Amino acid sequence: MPDSEVVALAASLAERFAERATGHDRDGSFPHENFADLREAGFLKLTVPRTHGGDEISLTEFVQVQEALARGDGSTALALNMHLIRFGAERESHSYPPFWFDELCRGAVEDGRLVNTAATEEGLGSPAGGGIPETVATPVEGGWVLGGRKTFVTLAPELWYMPVLARIDPRDGGEAEIGDFMVLRDDSGVSIDETWDALGMRATGSHDLVLEGVRLGNDRFLGYRSRPKPSPRGRASGVWFALGVAATTTGVAQAAFDYAVSFARERAPNGLRTIAEFPGVRRRIARIALLLQRNRALIADAAAAWEGGEESGMLASDRVVVAKIDALNNAIEAVDEAMRVVGGVSLQKHRPIERYYRDVRAGLHNPPLEDRALEQIARTALDFPDAG
Ligand SMILES: Cc1cc2nc3c(=O)[nH]c(=O)nc-3n(C[C@H](O)[C@H](O)[C@H](O)COP(=O)(O)OP(=O)(O)OC[C@H]3O[C@@H](n4cnc5c(N)ncnc54)[C@H](O)[C@@H]3O)c2cc1C
């Protein structure tokens, strides 16, 4: 239960979001009014450092906020996750040029502006696969010209800052490099193609970003991804992201649990006993509670290990991927169990539980994916046995 003011506030916002969720899910529309509420409640600056006017909440507190928000609306929570992780991770990894980090913070604190990275492409898939983007940044006098199309750009209807991953072809041949470029909403040649019509997380506005001859100054170049700077906290972005997604997914499963419990306590076929008295239903409810508790323990353990920076037992970065993949699988199982408790009517479109069933699956396709996560754990165990 809420153990801080910000988590309690998230829970109360979630109640409002839950009332709007069905409509946005049905229409695939973006919940602008939820973001207006989040803005007003100061949630866009929760992870911004205090030196820059934010609240600088910890990773541990951040995951609690994500879970509380997702209990009302998974889409809103997942979309906010994309924005908040940028600041949380950057507090640790310092990967952005200081000018741009200052500007992102200023934009979030003073103007309520949102940021999210546009990395994925139709042909590339996830850049985590090691592919080269088709979006290209061509060097020109005084800067760059960007062209390409990015997919899955969550928050697209409201984004202002869009760091874009692009290929840089060397003038003299040789291997292409990969870099990030800061694209702004009002740059000439930037548009959003409203393509997002998905099974789950339908209200995240994860549309395509289209870049046509976007002319940028040299100041928009954020750095080469193909030349990562060695840093002990260099994985911070992946850590904040993975745990934020795990917590969001747990919040969706918690909503399914809430629904199944209240349904079981009221549903009395033929007006006889409620189904809450049946041993099969009781076992399923207990199983869901167990899975949810396991998720919270895994996520809290990974967050504490990463924050503590101590490497005893399993490596913190491995605990993070364990928490993400296990939390996703547990949450999916939990929602499936909740569907069985509710029975055939769980399929009806007017009941929120069918949305939880769809939303809970989306995180499977957010990094780290299970195969890559397992490979990371195997690498530590088999190739670097003294590391953890
Ligand atoms: C709700 C939602 C929101 C998202 N928001 C954003 C966003 O805001 N910004 C953004 O940039 N992206 C976003 N994404 C995209 C996401 O991060 C992934 O890039 C996308 O889901 C594609 O990943 P993939 O690994 O399935 O695709 P692919 O790379 O096409 O992979 C397909 C399959 O092949 C396997 N595979 C691929 N390469 C390898 C390899 N080298 N070795 C072994 N197996 C491999 C993968 O594991 C997967 O099973 C979002 C996705 C979702 C579902």
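Start at 1 and go down the list; that is how both ligands and their atoms are numbered. The structure displayed is predicted, hence computed values, not measured ones.
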Quick check on [atom] - does any protein heavy atom sit closer than 4.0 Å to it?
| atom | result |
| --- | --- |
| atom 4 (C) of ligand 1 | yes |
| atom 34 (O) of ligand 1 | no |
| atom 30 (O) of ligand 1 | yes |
| atom 43 (C) of ligand 1 | no |

For ligand 1, does [X] get within less than 4.0 Å through its side chain, its backbone, both, or neither, judged by non-hydrogen atoms?
| X | result |
| --- | --- |
| Thr204 | neither |
| Leu165 | neither |
| Ala128 | neither |
| Asp371 | neither |

May I ask which of [options] has a heavy atom nearer to [atom] than the others do?
| atom | options | value |
| --- | --- | --- |
| atom 53 (C) of ligand 1 | Pro127, Ala362, Ala156 | Ala362 |
| atom 25 (O) of ligand 1 | Leu155, Thr154, Leu369 | Leu369 |
| atom 41 (N) of ligand 1 | Gly129, Gly74, Gly125 | Gly129 |

With a 4.0 Å cut-off, would you call [X] and [Y] a salt bridge?
| X | Y | value |
| --- | --- | --- |
| Glu67 | Arg296 | yes |
| Asp336 | Arg361 | yes |
| Asp359 | Arg202 | no |

message = Would you say the rings of Phe152 and Trp196 are close, in the sense that their centroids are separated by under 6.0 Å?
response =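 So the answer is yes for these two rings.
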
Test your reading of the structure: does [X] have an N or O sitting under 3.5 Å from an N or O of ligand 1?
| X | result |
| --- | --- |
| Phe152 | yes |
| Thr120 | yes |
| Thr117 | yes |

inquiry  = Any heavy atom of Arg372 closer to ligand 1 than 4.0 angstrom?
reply    =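 Per 4.0 Å heavy-atom rule, Arg372 contacts ligand 1.
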
key: 4.0 Å heavy-atom contact, Gly130 with ligand 1   =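 Gly130 does not count as a contact of ligand 1 under the 4.0 Å cut-off.
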
key: Ligand-residue contact atoms, ligand 1 with Pro367, heavy atoms, under 4.0 Å   =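 Reading through ligand 1 atom by atom, the close ones are 17 (O).
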
inquiry  = Taking Ser317's backbone N and O only, do any of them form a donor-acceptor pair with Arg235's side chain (distance below 3.5 Å, no angle check)?
reply    =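 A pair under 3.5 Å: no.
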
key: Over-ring placement of Arg227 relative to Tyr224, 6.0 Å and 45° cut-offs   =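 Yes.
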
inquiry  = With a 4.5 Å cut-off on side-chain heavy atoms, are Ile178 and Ile168 touching?
reply    =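 Contact flag for Ile168/Ile178 side chains = no.
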
request  = Using the six-membered ring wherever Trp is involved, compare the ring planes of Tyr161 and Trp100 and label them parallel, tilted or perpendicular (cut-offs 30° and 60°).
outcome  =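 Rings of Tyr161 and Trp100: perpendicular, over 60°.
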
request  = Give the ring-plane orientation class for Phe181 versus Phe221, where under 30° counts as parallel, over 60° as perpendicular and anything between as tilted.
outcome  =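 Ring orientation of Phe181 relative to Phe221: tilted.
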
query = Can you check side chain to side chain contact (heavy atoms under 4.5 Å, CB included) on Phe43 and Val6, steps first, answer last?
reply = CA-CA 9 Å; Phe43 270 48; Val6 69; 4.0 Å; yes

